[in-house]
Structure formats: structure tokens, C-alpha cells
**Student:** 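Take this structure first; my questions come after.
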Amino acid sequence: MKTLLLLLLALLDLGQAQGALHRVALKRHQSLRKKLRARGQLSEFWKSQNLDMIQFTESCTKDQGTNEPLINYLDVEYFGTISIGSPPQNFTVIFDTGSSNLWVPSVYCTSPACKSHPVFHPSQSNTYSELGTSFSIQYGTGSLSGIIGADQVTVGGLTVIGQQFGESVKEPGQTFVNAEFDGILGLGYPSLAAGGVTPVFDNMMAQNLVDLPIFSVYMSSDPQGGSSSELTFGGYDSSHFSGSLNWVPVTKQAYWQIALDKILVGDTVTFCSEGCQAIVDTGTSLITGPSHKIKQLQEAIGAAPMDGEDFVDGMKLCSSGFQGLDIQPPSGPLWILGDVFIRQFYSVFDRGNNRVGLAPAVP
């Protein structure tokens, strides 16, 4: 009987993994940091954002999804394509589990960033509805603002009807001008959404577009990009990881927030000896934590600042994957497990059971 039960559980898990999966290819592009460094503009960016060039720190009140640190997007390299409207208008977006709104540039935007990216033309869509509600998201030293409209949004072959989204008419400074992405599609919980908008994945579930209330992320470590990185809706793909998924409960339904037992450097418990909170965030490239902790961590791994721009390890130019980010109460302090972490651990986001599944990613 015990053998039969284990077999049924294994088949159930296999069925979950092999359900109707809807895949979005994630293309790996050059990060904004690398583009700015190549142009000799990185130091200028640090100064313009009032950032500590040595410790990579930024202080923000990361609360209710309306305040996002710009530094989060500096190293993001994985982007996917969505379409809005009928006929479809295509946009390259960051799929961000650390926020919950969908926004793209509007044809009415006059900011410099909008001139270098595709913009949404509401008059060219047969399915667009004007709502007229305004929205604003604070990004570090500047704000992104605009109006909320509604239209059909297609992601990975799934078409969400009546999705409310932000049409930005003002984008902060020069930050987004050189970015590879046009907008952001948030995959966090509804409580983070600015303007009370229902997030895309919540509408996917409500409109019965996915068999299971799950999405998963695989980020290839191939520095040349490759074609295997993907976001999967409706389940997970067991070919992307080894062993079994380790399920960790969500401790607060806003970000995908989980509890860390401890953080070790080598075999030594160095941080979070009594536990701490972290979020699994596809919209942040590095692993971030309180700035004073990250400074200690950089020193512990032998990293040293170089040219006021990067921490490097040893003689080779090997950028550290850690960065200081002070998230103030009521949300903080929080550690963020960004793409550096997700490349190592296949990540499954289960809204049905409010948990995150992690397993070693297959290279």
C-alpha cells in the first residue's frame, strides 16, 4: 500500500509538471550597466541617482508596490515579448515578480525614453477601453506616471481579455533611455499593484487560461544568451532542474516573500543566524541585502572595489553578485534573491498554495 501511495504521488507530481504549459522565451541581452560602462557613462549614472559608488547602496521605502529602486533594473538581462491590443502591438518587457503592474510607453509620452522605444497607440486597437484613471510609480529619484487603460494582452499564447495596464506618459530622467526593455509586467501579488489594478496572472487564473495556478522561471547561465531561458505559465518543466522541488511557504502575500534560515559564507553562519526574510525577485539581477551586511559579505569573499564601479574578486574582472539595498520599514529589512540566485535554482511560483518551489537548475 505504501509503494502504491508513493507511486500515485509521483504520478501526481509528474502530471503537474507535464500539464498544459504555456512558454514565453526569455532572451538574454546586454544589461544597462554593461552598456553604460562601455560608453564610459556608468559613474555619471551613479551620481545622477545619488548612489554610493563604492558600496552600491540605495535606500528606499519599498512599500505597496509604488516605490521601486532603479538600481534593481541596472543588471537585468532577461526579457520577453508580449502584445497588447488588436491588431497586436509588441513590447519587450521585464517579467518582474517584485512588482504587480503592467506598463508600457504611451504614444502621448514626451520623455526621452519613450522616443527610443515602441509606444502604445490606443487609437490603433479595436479592443481598447479608455478608463482615464491616473497612476504613478516612484523609481528612486524620479517617477513614472500616466493613465490606466484596458485591452487584451497576449503572453505566451494566452490572451487575457480586459487587462488593465499603465500607459506611461512620463518616465524618469535618462534611466530608461538606454534600457533594452520597453516596459514591465509584474507577477507579484495584487496587494502590490498601484491603482488597485488586477495583475496579469490573476486575470489568467480568473479567466481559466491556465490549468494550474502556477508559473515558473528558468534562466540559462549561457552568457551568449541561448534559447532555453523561459517563463512558463500553468505549471513547471522538470527537465530544467535536478532532484525534487523544495517548497517554501510564502510568509507575506505581497512580494514572493519567504523565510531564510541562515546565510553561510563557506561553512560559517555569517548572517541571519536567527532567520530573516527574503523575496525571490526576477526583476532584480543581483542578490541584495542591508548595505552594512553586504559590505561585510564582500569583504568575507575577498571582493574589493575597483574604479568606484565594481567589486571584483581576485585578479580577473569578476563582478560580485551582491549589492547593498536598504529596504526601510514596514517592508524591510529584506534580502532579495535576484537572477544570480534564480540562474542556480529553478523557481516555481505557486499561487494556489502560496509557496515557492526551488531546485538546482540544470545548466
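The analysis underlying the following values was restricted to heavy atoms, covering all of them including side chains, and did not include hydrogens, waters or symmetry mates. It should be emphasised that the depicted structure is a prediction, and the values quoted were computed from it without experimental measurement.
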**Student:** OG of Ser347 to NE2 of His240: how many Å apart, nearest 0.5 Å?
**Tutor:**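 Going from OG on Ser347 over to NE2 on His240, the span is 12.0 Å.
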**Student:** Verify side-chain contact (heavy atoms from CB on, under 4.5 Å) between Ile342 and Tyr218, making sure each step is shown before the conclusion.
**Tutor:** CA-CA 7 Å; Ile342 296 170; Tyr218 173 71; over 6 Å; no
**Student:** Below 4.5 Å, heavy atoms only, C-beta onward: do Val93 and Ile184 meet side chain to side chain?
**Tutor:**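 No; the side chains remain at least 4.5 Å from each other.
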**Student:** How about Asp281 and Asp96: do any of their side-chain heavy atoms sit closer than 4.5 Å?
**Tutor:** yes
**Student:** Who are the side-chain hydrogen bond (donor to acceptor under 3.5 Å, both in side chains) partners of Tyr346, not counting sequence neighbours?
**Tutor:**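 Partners of Tyr346 by the side-chain hydrogen bond (donor to acceptor under 3.5 Å, both in side chains) criterion, ordered by chain and then number, come out as Ser216.
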**Student:** Given the rule in the side-chain contact (heavy atoms from CB on, under 4.5 Å) test, do Val348 and Ile214 qualify, once you have shown the distances and angles that lead to the verdict?
**Tutor:** CA-CA 7 Å; Val348 181; Ile214 293 173; 3.5 Å; yes
**Student:** Could you tell me which residues satisfy side-chain hydrogen bond (donor to acceptor under 3.5 Å, both in side chains) with His22, sequence neighbours excluded, listed by chain and number?
**Tutor:** none
**Student:** Just checking, is any N or O donor in the side chain of Ser239 or Asp237 under 3.5 Å from an acceptor N or O on the other one?
**Tutor:**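 There is such a pair (donor and acceptor under 3.5 Å, judged by atom type) between the side chains of Ser239 and Asp237.
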**Student:** What distance separates Leu358 CG from Ile258 CD1, expressed to the nearest 0.5 Å?
**Tutor:**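 Leu358 atom CG to Ile258 atom CD1 measures 5.5 Å (nearest 0.5 Å).
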**Student:** Would you call Thr159 and Val153 a side-chain contact if the rule is heavy atoms closer than 4.5 Å?
**Tutor:**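 No; the side chains remain at least 4.5 Å from each other.
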**Student:** Quick one about Thr92 and Glu180 (side-chain donor to acceptor, distance below 3.5 Å, no hydrogens or angles considered), yes or no?
**Tutor:**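 There is no such pair (donor and acceptor under 3.5 Å, judged by atom type) between the side chains of Glu180 and Thr92.
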**Student:** Are Val155 and Phe95 packed together at the side-chain level, in the sense that at least one heavy-atom pair is separated by less than 4.5 angstrom?
**Tutor:** yes
**Student:** Excluding sequence neighbours, so at least two apart, what forms ring-ring contact (aromatic ring centres under 6.0 Å, His included) with Phe201?
**Tutor:**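 Expected list: Phe215, Phe233.
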**Student:** Please name the pair of heavy atoms, one in Ala259 and one in Thr251, separated by the smallest distance, quoted to 0.1 Å.
**Tutor:**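 Taking every non-hydrogen atom into account, N-CG2, 3.9 Å.
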**Student:** Taking Ala194's backbone N and O only, do any of them form a donor-acceptor pair with Asn101's side chain (distance below 3.5 Å, no angle check)?
**Tutor:** yes
**Student:** Run the side-chain contact (heavy atoms from CB on, under 4.5 Å) test on Val250 and Trp256 for me, step by step, so that the C-alpha distance in whole Å, both residues' side-chain angles and the decisive distance to 0.1 Å come before the verdict.
**Tutor:** CA-CA 6 Å; Val250 170; Trp256 287 90; 3.7 Å; yes
**Student:** Roughly how far, to the nearest 0.5 Å, is the NE2 atom of His121 from the OG atom of Ser106?
**Tutor:** 8.5 Å
**Student:** What residues, two or more places apart in sequence or in another chain, satisfy salt bridge (Lys or Arg N to Asp or Glu O under 4.0 Å) together with Arg343?
**Tutor:**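 Scan of Arg343 (salt bridge (Lys or Arg N to Asp or Glu O under 4.0 Å), adjacent residues dropped) gives none.
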**Student:** Which residues pass the side-chain hydrogen bond (donor to acceptor under 3.5 Å, both in side chains) test with Asp151, not counting sequence neighbours?
**Tutor:** Ser125, Thr127
**Student:** Got a second to check how far Glu171's CD is from Cys109's SG, nearest 0.5 Å?
**Tutor:**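 SG of Cys109 is found 5.0 Å from CD of Glu171.
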**Student:** Heavy-atom distance under 4.5 Å between the side chains of Asp350 and Trp247, does that happen here?
**Tutor:**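 SC-SC contact between Asp350 and Trp247 confirmed.
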**Student:** Is the distance between the ring centroids of Phe120 and Tyr128 less than 6.0 Å?
**Tutor:** yes
**Student:** Is the shortest heavy-atom distance from the side chain of Ile84 to the side chain of Phe165 under 4.5 Å?
**Tutor:**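 The answer is yes, as the side chains (C-beta and beyond) meet within the 4.5 Å cut-off.
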**Student:** Which heavy atom of Leu26 sits nearest a heavy atom of Val217, and at what distance?
**Tutor:** CD1-CG1, 4.4 Å
**Student:** Can Thr232 and Val24 be said to form a side-chain contact (heavy atoms from CB on, under 4.5 Å), step by step?
**Tutor:** CA-CA 6 Å; Thr232 303; Val24 181; over 6 Å; no
**Student:** Go through the structure and list residues passing side chain to side chain contact (heavy atoms under 4.5 Å, CB included) with Thr133, not counting sequence neighbours.
**Tutor:**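 Testing Thr133 for side chain to side chain contact (heavy atoms under 4.5 Å, CB included), a comparison that skips the adjacent residues, returns Leu131, Ile148.
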**Student:** For residues Thr97 and Val280, report the shortest heavy-atom separation together with the two atoms involved.
**Tutor:**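 In this case the closest contact between Thr97 and Val280 is OG1-O, 2.9 Å.
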**Student:** Is any side-chain heavy atom of Thr81 closer than 4.5 Å to a side-chain heavy atom of Phe91?
**Tutor:** no
**Student:** Check Ser228 against Ser220 and note the closest heavy-atom contact, atom names and distance.
**Tutor:** OG-CB, 3.5 Å
**Student:** Can you measure from CD (Gln277) to SG (Cys272) and round to the nearest 0.5 angstrom?
**Tutor:** 9.5 Å
**Student:** Can you sort out the partners of Phe341 under ring-ring contact (aromatic ring centres under 6.0 Å, His included), two or more places apart, ordered by chain and number?
**Tutor:**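 Once residues adjacent in sequence are excluded, the partners of Phe341 under the ring-ring contact (aromatic ring centres under 6.0 Å, His included) criterion are Phe345.
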**Student:** Which pairs with one or both residues in residues 198-209 pass side-chain hydrogen bond (donor to acceptor under 3.5 Å, both in side chains), sequence neighbours excluded?
**Tutor:**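 Every pair satisfying side-chain hydrogen bond (donor to acceptor under 3.5 Å, both in side chains) with a residue in residues 198-209: Gln163-Asn203, Asp202-Arg351.
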**Student:** Is there a continuous path of hydrophobic side-chain contacts, each under 4.5 Å between heavy atoms, that joins Leu260 to Val356?
**Tutor:**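 Result: yes, single cluster for both.
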**Student:** Among pairs that include at least one residue of residues 113-123, which meet salt bridge (Lys or Arg N to Asp or Glu O under 4.0 Å), considering only residues two or more places apart or in two chains?
**Tutor:**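 Checked against salt bridge (Lys or Arg N to Asp or Glu O under 4.0 Å) - neighbours excluded - no pair reaches residues 113-123.
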**Student:** How does the hydrophobic cluster around Val169 look, that is, which other residues are in it when side-chain heavy atoms under 4.5 Å mark a link?
**Tutor:**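 Its cluster partners, ordered by chain and number, are Val107, Tyr108, Val119.
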**Student:** Can you name the nearest heavy-atom pair linking Pro122 to Glu167, along with the distance?
**Tutor:**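 Result for this residue pair: CG-OE1, 4.1 Å.
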**Student:** If you link ILVMFWY side chains whenever their heavy atoms are less than 4.5 Å apart, which other residues fall into the same cluster as Val362? By chain and number, please.
**Tutor:**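 When side chains under 4.5 Å apart are linked, Val362 ends up in no cluster with other residues.
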**Student:** Hey, are the side chains of Asn126 and Pro87 touching, using non-hydrogen atoms and a 4.5 Å cut-off?
**Tutor:**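 Heavy-atom side-chain distance check passes, below 4.5 Å.
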**Student:** Distance check, rounded to the nearest 0.5 Å: Gln152 atom CD versus Ser86 atom OG?
**Tutor:**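 That separation rounds to 5.0 Å.
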**Student:** Applying side-chain hydrogen bond (donor to acceptor under 3.5 Å, both in side chains), can you list everything that pairs with Asn354, at least two apart in sequence or on another chain?
**Tutor:** Tyr189
**Student:** Quick one: closest heavy-atom pair of Tyr78 and Ser229, and the distance?
**Tutor:**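 Heavy-atom minimum between the residues: CE2-OG, 3.6 Å.
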